[in-house]
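Notes follow the structure.
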Amino acid sequence: MEIQFAKRFDGISGSAIRDIFKLLTNPAIISFAGGNPANTALESDVISRLALKVLAQNGTQLLQYGQTEGYAPLRESAAEFFRHNGVDAKPEELLPVTGSQQALDLICKALIDPGDTMLVESPTFLGALQTFKLYQANLVPVETDEDGVIPELLEEKIKRHHPKLIYLIPTFQNPTGRTLTLERRKQVAQIVAKYGVMLIEDDPYRDLRYAGEPLPAIKSFDESGRVLYCNSFSKIISPGLRTAAVVCTDPTMMRKLVIGKQSTDVHSPNLNQAIVDAYLREGILMEHIRIISESYGKQMSKMQQMLATFPASVKYTRPDGGIFLWCELPEGFNATDLLKTATQMGVAYIPGTHFYTQPGTHHNTMRLNFSNATLENIEKGMNIFKELFISEGLR
Ligand SMILES: Cc1ncc(COP(=O)(O)O)c(C=O)c1O
């Protein structure tokens with residue numbers, strides 16, 4: 001007899017992406033597919049020094065069970081760090097979580113019943129889409145342009161669909177790299193306050209800026225307590241430490257997140273939280289961000305320079321930061337089908353279709369990651385793409 005799985009898994013296979021990542025275990029393939037920081041950005045020497053330091057200072061407490069609300073010193077140091085984003089939270093308004101992926105899960109656990117409507121940018125982060133689908137949300141896409149989500153359309157869809165929750169990635173968006181303008185950030189904060197709808201502002205890329213001036217978070221304009229601000233140390237320190245935080249200024253909502261987290265993992269690992277706290281307190285993060293941004297900026301420029309040599313029918317985004325570029329091939333080209341040949345030729349990407357609420361659409365789009373490839377491999381990999389596309393008739 002077959003195992004009877006919960007209905008929430010209906011229609012969720014995860015297989016397309018899993019298959020792509022299986023291919024990537026082949027080291028000969030140049031991968032623009034993941035969302036990983038550069039291996040050279042991961043400082044095992046610094047992390048091992050900090051681990052020894054915090055264990056020597058506080059080992060017994062760190063190895064014991066901790067509080068679901070998080071390691072108290074990290075709540076303070078992360079709140080201080082978020083202040084430079086214009087997010088002025090008190091330590092008790094910040095919940096450390098096991099990666100911001102967990103924040104998305106806990107927020108849905110608190111708010112989403114099967115069939116509840118959520119508005120998401122189109123396209124958006126596929127890991128978030130998977131979480132929202134597991135909570136059986138009714139996902140309604142909101143169109144975006146070069147400046148991110150379009151506030152007028154957002155408001156129109158709120159009036160039409162009465163969503164419980166909105167999900168936005170306003171800075172160097174995954175997958176497009178686009179950034180919401182200052183004016184639109186203010187408008188979005190006003191709209192969520194006006195309609196009393198909750199908003200997830202997912203902001204893991206904001207510190208990876210290579211040009212232009214930083215913009216304040218939407219949360220900095222939030223007087224209604226409706227904006228849940230998620231930020232992560234994955235892309236700027238280490239994804240393997242699984243340390244992120246969600247800022248929630250509504251105490252009732254915060255209580256729900258804590259209760260939900262209790263049943264998920266009791267608390268995030270104390271040792272990892274303490275390492276990130278020590279990293280922040282030593283004041284070394286901004287310098288590390290400066291160093292990695294310098295190389296990511298060069299990698300991004302290299303990928304854009306290579307794209308500029310493609311036929312002009314290939315459109316691509318020109319972000320000021322982040323780790324992704326988004327490409328649109330002319331209508332009729334199928335990036336989903338072409339992936340197999342591309343990987344046989346030695347290069348991989350994520351077909352754009354996976355970033356849409358309705359799979360099976362937008363086959364002419366693709367996401368390219370540049371942070372985890374050397375300049376040499378970017379040149380090599382992009383030349384392979386050009387050769388492939390031209391052999392497929394791209395003009
Ligand atoms: C927009 C966005 N949100 C959340 C995450 C998950 O990050 P974390 O490692 O903090 O769980 C990612 C990772 O790629 C992402 O791109």
Side-chain angles (χ1 to χ4, degrees), residues 14 17 20-21 24 31-38 41-42 70 74 78 81-82 85 94-109 118 120-134 144 148-149 165-180 199-208 217-219 227-247 257 261 264-265 268-269 272-273 275-276 279 292 296 317 319 321-326 349-350 352 354-357 367-372:
I17 299 300
I20 296 170
F21 283 99
L24 302 182
S31 174
F32 303 135
N36 296 5
L42 305 173
L74 178 65
F81 179 67
F82 290 175
N85 305 339
L94 185 145
L95 179 67
V97 283
T98 309
S100 43
Q101 188 70 44
Q102 186 182 60
L104 303 180
D105 188 79
L106 296 177
I107 293 166
C108 287
K109 201 188 234 188
M118 285 187 68
V120 299
E121 282 162 293
S122 183
T124 194
F125 171 43
L126 58 88
L129 286 177
Q130 174 142 318
T131 301
F132 304 155
K133 285 179 184 168
L134 276 170
T144 54
V149 78
L165 185 57
I166 300 169
Y167 175 67
L168 299 181
I169 309 163
T171 320
F172 312 135
Q173 201 240 17
N174 181 357
T176 62
R178 289 180 184 135
T179 291
L180 196 67
L199 167 75
I200 302 175
E201 178 178 19
D202 192 8
D203 212 14
Y205 301 106
R206 65 159 299 113
D207 289 303
L208 298 176
I218 300 171
K219 180 69 186 164
V227 181
L228 302 160
Y229 180 77
C230 302
N231 202 328
S232 171
F233 296 100
S234 284
K235 313 290 173 172
I236 51 175
I237 299 182
S238 150
L241 288 176
R242 309 302 305 128
T243 303
V246 50
V247 171
L257 295 177
K261 184 168 168 59
T264 297
D265 64 354
S268 298
N272 298 12
Q273 294 185 70
I275 290 169
V276 171
Y279 202 122
I292 59 175
Y296 290 171
T317 50
I323 61 173
F324 303 112
L325 298 183
W326 180 249
Y349 56 90
I350 305 268
H354 301 298
F355 299 93
Y356 289 91
T357 52
R367 188 192 75 179
L368 297 176
N369 164 257
F370 51 80
S371 57
N372 199 25

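Everything numeric here is computed off the predicted structure, so don't read it as measured data. When a ligand or atom number is given, it counts from 1 through the structure's own listing order.
For atom 5 (C) of ligand 1, the closest heavy atom belonging to the protein is Phe125 CE2, 3.5 Å. Closest protein heavy atom to atom 7 (O) of ligand 1: Ser100 OG, 3.4 Å. What sits closest to atom 13 (C) of ligand 1 on the protein, heavy atoms only, is Lys235 NZ, 3.3 Å. Closest protein heavy atom to atom 11 (O) of ligand 1: Arg242 NH2, 2.8 Å.
Not a single donor-acceptor pair under 3.5 Å links the side chain of Ser122 to the backbone N or O of Tyr356. With hydrogens and angles ignored, the 3.5 Å screen pairs a side-chain donor or acceptor of Gln273 with a backbone N or O of Ser268. Proximity of a side-chain donor or acceptor of Ser232 to a complementary backbone N or O of Pro204 within less than 3.5 Å is not detected. A distance-only check finds a donor-acceptor pair linking the side chain of Ser238 to the backbone of Gly240 [under 3.5 Å]. Panel note: side chain Ser100, backbone Asn231; no donor-acceptor pair is recorded below 3.5 Å. A donor-acceptor contact shorter than 3.5 Å links the side chain of Arg367 to the backbone of Ala33.
Near Ile169, meaning under 4.0 Å from one of its heavy atoms, ligand 1 places the atoms 1 (C). Using a 4.0 Å cut-off to heavy atoms of Asn174, the atoms of ligand 1 that qualify are 15 (C), 16 (O). With ligand atoms numbered from 1 in the order given, ligand 1 contributes 8 (P), 10 (O) to contacts under 4.0 Å with heavy atoms of Ser232. Close approach of ligand 1 to Ser234 is summarised as follows: ligand atoms under 4.0 Å from at least one heavy atom of the residue are 8 (P), 9 (O), 10 (O).
For Lys235 and Ser371, the side-chain atoms include no donor-acceptor pair closer than 3.5 Å. Asp105 and Thr131 form no side-chain donor-acceptor contact under 3.5 Å, judged by distance and modelled atom types alone.
Contacts of Gln173 with ligand 1, taken as heavy-atom pairs under 4.0 Å, are absent altogether. Heavy atoms of Cys230 found under 4.0 angstrom from ligand 1: none, in either backbone or side chain. When non-hydrogen atoms are compared, ligand 1 lies under 4.0 Å from neither the backbone nor the side chain of Gln102.
Residue contacts with ligand 1 leave out Pro239, since none of its heavy atoms falls under 4.0 Å from the ligand. In this structure, Gly35 falls outside the shell of residues with a heavy atom less than 4.0 angstrom from ligand 1.
Of the listed options Asp202, Thr243, Ile323, Asp202 places a heavy atom closest to atom 3 (N) of ligand 1. Of the listed options Tyr167, Phe324, Phe233, Tyr205, Tyr205 places a heavy atom closest to atom 15 (C) of ligand 1.
With ring centers used as reference points, Phe324 lies under 6.0 Å from Tyr205.
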Task: Steps toward side chain to side chain contact (heavy atoms under 4.5 Å, CB included) verdict (Phe125, Gln101) - done: CA-CA 11 Å; Phe125 171 43; Gln101 188 70 44; 3.5 Å; yes
